[in-house]
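From a predicted model like this one, the values you see are computed outputs, not experimental measurements. Below, all heavy atoms of this structure are taken into account, side chains as well, without hydrogens, waters or symmetry copies. Quick note on labels: first sequence line is chain A, next is B, and so on, each numbered from 1.
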Number of protein chains: 2
Amino acid sequence: MTSLMKTTFGEYIRLLRTEKELTLTQLAAKLDLDSANLSKIENGKRDFDEKRLPKLAKIFRINLKQLSNEYLTDQIGKHIYETNCSKQLLQVAEEKAEYRRLKSTKTI
Amino acid sequence: MTSLMKTTFGEYIRLLRTEKELTLTQLAAKLDLDSANLSKIENGKRDFDEKRLPKLAKIFRINLKQLSNEYLTDQIGKHIYETNCSKQLLQVAEEKAEYRRLKSTKTI
DNA sequence: ATAAGACTAGTCATATTTTGACAAATTTAT
DNA sequence: ATAAATTTGTCAAAATATGACTAGTCTTAT
């Protein structure tokens with residue numbers, strides 16, 4: 001696994017976009033999205049819709065799996081942040097995830 | 001912090017309920033909830049609505065903060081489970097949460 | 001056998017949340 | 001000052017979650 005960005009997903013999109021010197025309008029068009037909404041996404045005021053990940057990967061020629069991981073870690077990171085979940089509680093959450101995993105294999 | 005349950009929140013409610021020998025109908029009434037829906041909650045087919053945590057804490061005389069942590073870790077654990085987030089990616093997610101924390105203090 | 005209670009599953013209308021689309025305001029660059 | 005780029009606000013529509021009700025199964029007592 002390559003190293004992932006320690007930024008928000010919105011900031012990451014902005015980074016990609018400005019690197020390629022695209023305007024919001026230009027990228028938004030490629031993503032079939034309103035430029036005003038893309039602006040909100042980059043500024044963390046809205047979420048990027050998961051269904052557009054393949055398009056985004058294609059536009060910037062990024063590995064989709066890698067990009068999806070970027071997205072996933074952002075989403076969970078946001079959840080952790082918004083709920084003020086401490087490292088200690090996160091450890092418990094991970095154990096509960098593990099419990100769910102075990103449970104699901106049992107019931108197959 | 002006391003140790004938290006390594007079960008789902010629904011299972012935890014069921015545990016509390018059966019310990020007190022309450023029926024779904026009885027507990028649902030106390031929670032101002034339909035018994036069929038409480039059944040779904042205990043079986044993990046619906047989420048417990050956060051707004052009822054204070055009621056739940058009161059009914060079983062549990063510390064609300066403790067119960068809220070139980071709830072929070074369940075929610076994040078569920079998120080981790082449902083997205084199939086590996087420990088490695090969870091570490092990245094935690095770093096991203098930390099990044100958001102730093103960012104929020106800067107902009108105050 | 002059947003009646004009653006406990007629980008589960010399905011459905012549907014309503015409430016809540018998220019998204020898309022547009023207009024208008026603000027910022028930035030020339 | 002103008003034009004382009006970006007941001008903000010608003011609102012209807014789409015998607016999702018919740019509450020309420022119905023019907024069903026299963027167990028237990030009579």
For the pair made of [atom1] in [X] and [atom2] in [N], what is the distance, rounded to whole Å?
X       : N      : atom1 : atom2 : value
A/Asp34 : D/dA5  : CG    : P     : 15 Å
A/Lys40 : C/dT17 : NZ    : C1'   : 15 Å
A/Asp47 : D/dT16 : CG    : C1'   : 15 Å
A/Arg46 : D/dT7  : CZ    : P     : 14 Å
B/Leu24 : D/dG24 : CG    : C1'   : 16 Å
B/Leu38 : C/dA6  : CG    : C1'   : 12 Å
A/Asn37 : D/dT8  : CG    : P     : 13 Å
B/Ile41 : C/dA9  : CD1   : C1'   : 15 Å

In terms of side-chain geometry, is the basic nitrogen of [X] or [Y] positioned less than 4.0 Å from the acidic oxygen of its partner?
X        : Y        : answer
A/Asp32  : A/Arg52  : no
A/Arg101 : A/Glu94  : yes
A/Glu70  : A/Lys65  : no
A/Arg17  : A/Glu42  : yes
A/Asp74  : B/Arg100 : yes

Does [X] place a side-chain N or O at less than 4.0 Å from the phosphate oxygens OP1/OP2 of [N]?
X       : N      : result
B/Asn43 : C/dT8  : yes
A/Arg14 : D/dT7  : yes
B/Ser39 : C/dT8  : yes
A/Lys51 : C/dT18 : no
A/Arg17 : D/dA5  : no

Checklist entry - What nucleic acid atoms does B/Thr23 come within less than 4.0 Å of, heavy atoms only: base, sugar-phosphate, or nothing? => result sugar-phosphate
Checklist entry - Hey, does A/Lys45 reach any base, or is it just sugar-phosphate, or nothing, if we go heavy atoms under 4.0 Å? => result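 Sugar-phosphate contact only - A/Lys45 comes under 4.0 Å of backbone atoms but never of a base.
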